[in-house]
Amino acid sequence: MKLTIVGFWGAYPEKGGATSSYLLEKDGFRCLIDCGSGALAQLPNYTDPFDLDAVIVSHYHQDHIADIGVLQYSWLVQNGIRKTEQVLPIYGHQNDQEGFERLTHNFTKGIAYDPEDTLQIGPFTITFMETDHPVTCYAMRITDGEKVIVYTADSSYKDEFNDFSKDANLLITDCNFYQGQDGSKAGHMNSEQVGTIAKSACVDKLVLSHHPHFGDRNTLVDEAKQFFDGEVILAHEGYTWEG
Ligand SMILES: [Zn+2]
Ligand SMILES: [Zn+2]
């Protein structure tokens, strides 16, 4: 499977960028994970948004769902132009009923996932773990039967991430704070915490995402490397992982 970073900023996008959004592909099946602000402007660099087969959202904070609305408009307009009636499934949890209902539009259909259960979307099998965040949010462990990607979504540190991320080939983490800073009130992790998780879970590769808007972000990599011997990548637009 192939993962492409569409957006990686926390809270709001910097110039020309996007907040949380990741494109997951295998055998021509395309699933967008989260759809933050700016995602629709970035997505055409990698795929036609109308070629998406599914979308899944971790939670209903704006930096993860802001562009769901314009994605729905793009499907409305493109169905009109192409004289088609294709419907895009958008998976979300139902702990926020209002947020969940906004996933459904003329040509998108909200589908509730049960976080206690395994979810199959095309070739991807997904299991969930509730994170520690001001609103209900789910981390995802995704496999195509061969490799494993874990996405922490938004969360402050939880010991449970060590098991949940065990032996993942790729671990994409919330890394919204620098070493020594406490992100727990905001529901986010720092570079030391994510490096520690990567080490105890023995992952192959760590990607630091959900970036802060202050400080020298390259420092995050050096800090995480103090705790994790494997490869550490600072998320950037267009970064792709294939395995
Ligand atoms: Zn966020
Ligand atoms: Zn959030």
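Everything quoted here is computed from the prediction, not taken from an experiment. Order of appearance sets the numbers: ligands from 1, and atoms from 1 within every ligand.
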- prompt: Of all N, O or S atoms in Asp154, which has the smallest distance to the Zn ion (ligand 1)?
  reply: OD2

task: Examine all N, O or S atoms of His188, backbone included, and report whether one is under 2.8 Å from the Zn ion (ligand 1).
output: no

- prompt: Quick one: do the Asn176 and His211 side chains pair a donor with an acceptor below 3.5 Å?
  reply: no

Apex the Zn ion (ligand 2) - arms NE2 from His59 and NE2 from His133 - angle rounded to 10°: 110°

task: Using a cut-off of strictly less than 2.8 Å, determine whether His61 has an N/O/S atom near the Zn ion (ligand 1).
output: no

task: Evaluate side-chain contact (heavy atoms from CB on, under 4.5 Å) for Ile56 paired with Tyr113, printing each intermediate quantity in order.
output: CA-CA 9 Å; Ile56 185 167; Tyr113 58 72; 3.8 Å; yes

query: Are His210 and Asp154 close enough that a side-chain donor and a side-chain acceptor fall under 3.5 Å?
result: yes

query: Between Lys2 and Glu242, is there a side-chain N and carboxylate O pair less than 4.0 Å apart?
result: no

statement: Between Thr152 and the options Val194, Ile197, Leu171, Thr131, the side chain to side chain contact (heavy atoms under 4.5 Å, CB included) test singles out Leu171

task: Return the name of the atom in Asp63, of element N, O or S, nearest to the Zn ion (ligand 1).
output: OD2

